[in-house]
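I have placed the structure first, in the form of structure tokens, so that the comments after it can refer back to it.
Every value quoted in this text rests on a predicted model; they were computed, and no experiment measured them.
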Amino acid sequence: MVFKRHLTAATAVFVMLGTGYDLVSAQTVSSASQQGGVPAVQTIPGMPAVTDASNLYSETGVGHIAPQIAADPERVYVPNLRSNSVSVIDQHTNKVVETIKVGKSPQHVVPSWDLKTLWVTNNAEGTFDGSLTPIDAQTGKAGAAVAVDDPYNMYFTPDGKSAIVVAEARKRLDFRDPHTMELQQSVQTPDCKGVNHADFSIDGRYAIFTCEFGGHLVKVDTVNKKVLGYLRLSGGGMPQDILISPDGKTFYIADMMADGVFLVDGDTFREIGFIHTGVGTHGLYPSRDGTKMYVANRGSHKIHGNPHSKAGGVTVIDFATNKIVNNWPVPGGGSPDMGNVSADGKYLWLSGRFDDVVYKIDTETGDMQKIPVGKEPHGLTVWPQPGRYSIGHTGLLR
């Protein structure tokens, strides 16, 4: 069977520290009606209501482009880690139409909570010269960089009150003003070596971050801004991207050493299963209809792998059954990494990390086009995307 349970799998390496907040008095009841008998979600104050409790991706479907971004240029923004640049691809011509010089070691292009700005996270690997370069989503033009320590990745709390700069090398999460990036509060994650990717619970109460170099996950209270606990995964040891299921019950964790996806119950914070996908499992993205998950398998267990890996490809998983429904190898080999899905759901765009290309993948057939970009492309974003607000990374919209 593809899906298997680990009855003795995960071990919480630290005792959960408690919730630390009163949800009865602090939550906002979703104004959405119940869907198919599923109770409405009680969200944290300030967070937009969950329209469909059975599918938190309901507002990111085809045709749900927010009016204020409907006229934004249809582009793919590709951060090139070793070129210190962002390649801008026209989604229709599949050609690079502009190259934007940014700071040192750009890792991801992150849409802001209000969908107005695309932030380039320049974490300046091994130095203290990190910065964030803002790109105006309407014009595609870059503004002046903001000095920020070690911004490997960035997220936004679901209420829009804070940006969370993921300071990977510092084992720290910096909560900042979402517009000025002025520091609000730092949360230390001392037992999360290589903290990098995250997703949030359906109600916004907590986020789970992956710890790439320790084989752990860390659960963080987004209301009181503190660590709730750690979880060690049962195998693998290098968790990467993380994605929540449409019903909000399960978190999927890509692990590039385990060559598959671990399943974790977010509320109880325990491992409940594993799906083997392919070598170097890395990025996770939902389809526009919220029924499938695209899994990018980078084709290598190495941080700096070789190009043209025959093991590189994409696995498609059905959310409802946790079964694999498609496998798409990269013709000639490749290294699919991070990216997102086009607004119409017809294409999956992924960076080819070790091949200096971007893959445009037909989501019906798996057919791929390769577009040359800069050196070592990483966390690209597709713009515009459907949704009301962004919680960060390469475009986790809700």
Side-chain angles (χ1 to χ4, degrees), residues 76 78-87 104-109 121-126 152-153 166 168-169 193-197 210-215 233 235-243 252-262 274-285 294-316 327-340 348-361 366 368-381 393-394:
V76 177
V78 188
N80 302 302
L81 182 65
R82 303 301 171 202
S83 297
N84 298 329
S85 67
V86 171
S87 296
K104 298 178 182 178
S105 311
Q107 299 278 4
H108 300 89
V109 178
T121 62
N122 313 301
N123 82 315
E125 290 182 309
Y152 172 81
N153 206 348
V166 183
E168 181 188 48
K193 187 177 180 181
V195 58
N196 51 33
H197 298 99
T210 59
C211 311
E212 179 174 2
F213 303 118
L233 295 172
M238 194 171 277
Q240 305 292 316
D241 205 1
I242 180 170
L243 184 71
Y252 297 85
I253 298 94
D255 193 300
M256 64 181 282
M257 289 298 181
D259 298 335
V261 179
F262 288 99
F274 179 80
I275 305 170
H276 177 79
T277 57
V279 176
T281 309
H282 202 79
L284 306 174
Y285 308 97
Y294 303 113
V295 182
N297 303 306
R298 205 159 66 173
S300 175
H301 295 144
K302 297 179 180 179
I303 295 175
H304 302 289
N306 295 321
H308 315 308
S309 171
K310 300 300 182 184
V314 174
T315 300
V316 185
N327 274 302
W328 300 325
V330 178
S335 50
D337 194 282
M338 292 285 178
N340 219 310
L348 171 66
W349 292 82
L350 296 173
S351 58
R353 185 72 175 268
F354 309 134
D355 292 85
D356 299 341
V357 299
V358 163
Y359 308 110
K360 182 180 182 181
I361 305 168
M368 300 186 192
Q369 301 177 56
K370 298 179 182 180
I371 303 166
V373 289
K375 295 180 180 179
E376 201 169 335
H378 192 194
L380 67 80
T381 197
H393 191 36
T394 58

**OP:** Sequence neighbours left out, what passes side chain to side chain donor-acceptor pair (under 3.5 Å) with D241? Give chain and number order.
**Re:** none
Original post:
What residues form a side chain to side chain contact (heavy atoms under 4.5 Å, CB included) with S300, not counting sequence neighbours?
Top reply: K302, F354
Subject >> Check: H108 main-chain N/O paired with Y152 side-chain donor or acceptor under 3.5 Å >> reply: no
Subject >> By salt bridge (charged side-chain N to carboxylate O under 4.0 Å, His left out) - contacts of D337 (at least two apart) >> reply: R298, R353
Original post:
Do the side chain of N80 and the main chain of E376 share a donor and acceptor less than 3.5 angstrom apart?
Top reply: no
**OP:** List the steps and the verdict of side-chain hydrogen bond (donor to acceptor under 3.5 Å, both in side chains) for H276 and D259.
**Re:** CA-CA 6 Å; H276 177 79; D259 298 335; 5.5 Å; no
Original post:
Is any NZ, NE, NH1 or NH2 atom of the basic residue among R82 and E125 found under 4.0 Å from an Asp or Glu carboxylate oxygen of the other?
Top reply: yes
Original post:
What is the ring orientation for H282 with H378, classed by angle as parallel under 30°, tilted 30 to 60°, or perpendicular over 60°?
Top reply: tilted
Original post:
Between T210 (side chain) and Q240 (backbone), is there a donor-acceptor pair under 3.5 Å?
Top reply: yes
Original post:
Is a side-chain N or O of S351 found less than 3.5 angstrom from the main chain of M338, in a donor-acceptor match?
Top reply: yes
**OP:** Decide yes or no on side-chain contact (heavy atoms from CB on, under 4.5 Å) for Y285 and L350, but give the supporting numbers first.
**Re:** CA-CA 10 Å; Y285 308 97; L350 296 173; 3.7 Å; yes
**OP:** Check the side chains of S335 and D355 for a donor-acceptor pair under 3.5 angstrom, ignoring hydrogens and angles.
**Re:** yes
Original post:
Looking only at side chains, do N297 and T277 share a donor and an acceptor under 3.5 Å apart?
Top reply: yes
Original post:
Using a distance-only test with no angle check, is there a side-chain donor-acceptor pair under 3.5 angstrom linking T381 and N340?
Top reply: no
